[in-house]
Amino acid sequence: MSFCKDCIQGVRHDGEPQGTLETIDGVACYVATPTVDYPKDKVILFLPDVFGIELINAKLLADDFATNGFKVVAVDYFNGDSLPADIMNKPGSFNREAWLAKHGNEQTRPSLDKVIAVLKEEGVTKFGATGYCFGGRYTFDLAFDNTIQCSVVSHPSLLKVPNDLETYFSKSTAPLLINSCENDRLFSAEAQAKADEIFGDGKFAPGYRREYFPGCTHGFAVRGDLSDPLVKAGKEGSFLASVEFFLAHL
């Protein structure tokens, strides 16, 4: 499993985050809460890309889900070692594989499990997860365990195809949405077709949907250049599809 240059380049977005930074059992989290009444037994886990919860793009996306009636907890499963935003402007200066070696399952999953345990103690019984790039890997892992009840992944990375798709099909009961795009070396056209072959045409009883956004590149849903009309359409379209999927299945 590896990264590509598109995992660590992109554009910072403009806006003013509305959520709060909280520490949950020692894990830093960005929490976005609806301003209207919302179901207290449901939470969307926001599983970020390598730039973590510190990137304003991630915070604004979490806020957007909250605006649509979902409490969102974005988890710092990098334990303070996410990439600084300025890496996006000079991706060639960064050793991707050395960083990834420090953030395997044994370093990453415990933070997720801690946060989920506390949320359960607080009365949360249904979890959705939306995973971007790196976060797609852990959305799948949570679904394998049926820890979550609804899965959304956007340009996922670190997946083994077809193995992880087949494992998901055989183990998980969580409906799955995949937001895919035209230019993605980590979830290629072949991987997209394999997902449709395994899950599509009603074969996956819990529910399956795949969206495809032409003219977009890996990272579009969170770090896309919004001055490009196709990328803007992809970013907004993938978010809309995600909200619709959670409303239907969570």
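Numbering of residues begins at 1 and proceeds along the displayed sequence.
A distance of 5.0 Å separates CG in L47 from OH in Y77, rounded to the nearest 0.5 Å. Distance check: I24 CD1 to L119 CG gives 5.0 Å after rounding to the nearest 0.5 Å. Note that NZ of K235 and SG of C181 are 15.5 Å apart. Values are rounded to the nearest 0.5 Å.
Judged by the 6.0 Å distance and 45° axis criteria, K171 is not positioned over the aromatic ring of F169.
Residues S82 and D76 bring no donor and acceptor atom of their side chains to less than 3.5 Å of each other.
Side chain of E54 to backbone of A85: no donor-acceptor contact under 3.5 angstrom is found. Checking side-chain atoms of H155 against main-chain N and O of A221 turns up a donor-acceptor pair under 3.5 Å. In this structure, K40 contributes its side chain and Y38 its backbone to a donor-acceptor pair below 3.5 Å. With T108 contributing its side chain and G104 its backbone, the two residues share a donor-acceptor pair below 3.5 Å. Of the possible polar contacts, one joining the S172 side chain to the A143 backbone as a donor-acceptor pair under 3.5 Å is found. Put simply, the side chain of Q18 gets close to the backbone of E16: a donor and an acceptor are under 3.5 Å apart. Panel note: side chain Q149, backbone F127; a donor-acceptor pair is recorded below 3.5 Å.
A salt bridge links K102 to D81: at least one charged side-chain nitrogen sits closer than 4.0 Å to a carboxylate oxygen. Salt-bridge check for K59 with D63: failed, with every basic side-chain N at 4.0 Å or more from each acidic carboxylate O.
Residues meeting the salt bridge (charged side-chain N to carboxylate O under 4.0 Å, His left out) test with E197, sequence neighbours left out: K194.
When ring centroids are compared, Y30 and F46 stay outside the 6.0 Å threshold. Taking the six-membered ring where the residue is Trp, the centroids of Y168 and F140 are separated by under 6.0 Å.
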